[in-house]
Amino acid sequence: MILPGSGLAILPCPSPAGPALGVRILAPEEACDYEYVAARLVRIELMLGAVAVALHRLAFVAVPAGAGRRGGRMGMLDPAFAELTARALRGRPGFHGVTAGGTHVSWGEPVPAGMDADARRQFFGLRRWPREQRLLACQREVLHA
């Protein structure tokens, strides 16, 4: 549509909650942050139950709770994205208690209030420092078994 007298065109753009929006669940290796997250997990075998959550063209990894990881969380740009992501994760192993609150999706145990950074890292099953080397062959075998 052209705005009269301006020469400017208005292109229709679906809102985040529009029918064109969809969440796709993919293999975890499809996520753009797969290696980043894998290097930071205390228990790398949690990546076996992870999934990539794709909104439009970009996918991020969602790691299940379990094996020392008490919960997980993903931030979204819009509450509609958060709700769609929560729906897509519900019922998957390791993603119990999935909730969407505002622009965040959470699963597992609720994060206790007042946690310091170290306790928060432990809650999410993350290492203090990322692994410096690439995944070893035996670690890749575990992830692709």
Side-chain angles (χ1 to χ4, degrees), residues 1 3 8-145:
M1 172 169 125
L3 287 176
L8 297 175
I10 298 177
L11 301 175
C13 181
S15 70
L21 178 68
V23 173
R24 292 175 296 132
I25 300 296
L26 306 170
E29 297 86 2
E30 298 295 320
C32 66
D33 59 347
Y34 178 84
E35 288 83 7
Y36 178 88
V37 173
R40 285 157 176 78
L41 284 173
V42 171
R43 304 285 302 270
I44 195 167
E45 62 270 20
L46 283 167
M47 294 301 279
L48 290 170
V51 294
V53 177
L55 296 163
H56 300 293
R57 291 183 219 162
L58 193 56
F60 291 95
V61 73
V63 180
R69 181 177 163 87
R70 295 171 53 194
R73 184 175 218 190
M74 291 184 84
M76 302 287 156
L77 293 175
D78 187 278
F81 294 149
E83 185 54 46
L84 288 170
T85 299
R87 285 185 208 158
L89 292 175
R90 283 188 188 114
R92 293 183 173 279
F95 293 94
H96 58 279
V98 178
T99 60
T103 59
H104 285 91
V105 179
S106 302
W107 55 92
E109 297 176 31
V111 180
M115 295 179 90
D116 65 20
D118 193 48
R120 190 178 208 48
R121 176 186 55 75
Q122 290 176 11
F123 179 90
F124 289 113
L126 300 173
R127 302 165 55 89
R128 179 178 293 266
W129 307 108
R131 288 177 189 80
E132 300 224 4
Q133 73 279 8
R134 292 196 167 276
L135 294 179
L136 301 173
C138 62
Q139 291 170 317
R140 280 194 295 274
E141 287 174 20
V142 166
L143 290 176
H144 298 289

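Please read these numbers as outputs of a predicted model, since none were measured by experiment. Here, residue 1 is the first one in the sequence, and each next residue gets the next number.
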Contact check, side chains of Val111 and Phe124, non-hydrogen atoms, under 4.5 Å: yes

From CG (Leu84) to CG (Leu55), nearest 0.5 Å: 8.0 Å

Distance, nearest 0.5 Å, that separates CE of Met47 from CD of Glu35: 8.0 Å

Donor-acceptor pairs under 3.5 Å, side chain of residues 95-109 to any protein atom, not counting sequence neighbours: which ones?
residue, atom, partner, partner atom, Å
Trp107, NE1, Val63, O, 2.9
Glu109, OE1, Arg70, NE, 2.9
Glu109, OE1, Arg70, NH2, 2.9

Exam field: side chain Arg24 to backbone His56, donor-acceptor pair closer than 3.5 Å: yes

Derivation and outcome, side-chain contact (heavy atoms from CB on, under 4.5 Å), residues Val42 and Leu126: CA-CA 5 Å; Val42 171; Leu126 300 173; 5.7 Å; no

With sequence neighbours excluded, residues passing side-chain hydrogen bond (donor to acceptor under 3.5 Å, both in side chains) with Asp118: Arg121, Gln122, Arg128

Arg73: partners by salt bridge (charged side-chain N to carboxylate O under 4.0 Å, His left out), with sequence neighbours left out: none

Chi angles and distances behind the side-chain contact (heavy atoms from CB on, under 4.5 Å) call for Leu41, Arg69: CA-CA 9 Å; Leu41 284 173; Arg69 181 177 163 87; 4.0 Å; yes

Heavy-atom pair with the smallest gap, counting every atom of Ala31 and Val61: CB-N, 3.3 Å

Enclosure of Arg90 CZ (heavy-atom neighbours >12, cutoff 6.0 Å): yes

Residues in salt bridge (charged side-chain N to carboxylate O under 4.0 Å, His left out) contact with Arg92, at least two apart in sequence or another chain: none

Considering all heavy atoms, the nearest Ala27-Ala52 contact: O-CB, 3.3 Å

Salt bridge (charged side-chain N to carboxylate O under 4.0 Å, His left out) involving Arg127 - partner list, sequence neighbours excluded: none

Spacing of OG1 belonging to Thr85 relative to CE belonging to Met76, to within rounding of 0.5 Å: 3.5 Å

Where Leu58 and Cys32 come nearest, the two heavy atoms and their spacing: CD1-SG, 3.8 Å

Sub-4.5 Å side-chain heavy-atom contact between Leu89 and Val23: no

Residue list, side-chain hydrogen bond (donor to acceptor under 3.5 Å, both in side chains) with Glu30, at least two apart or on another chain: none

Shortest non-hydrogen separation from Leu46 to Ala67 and the atoms involved: CD2-CB, 4.1 Å

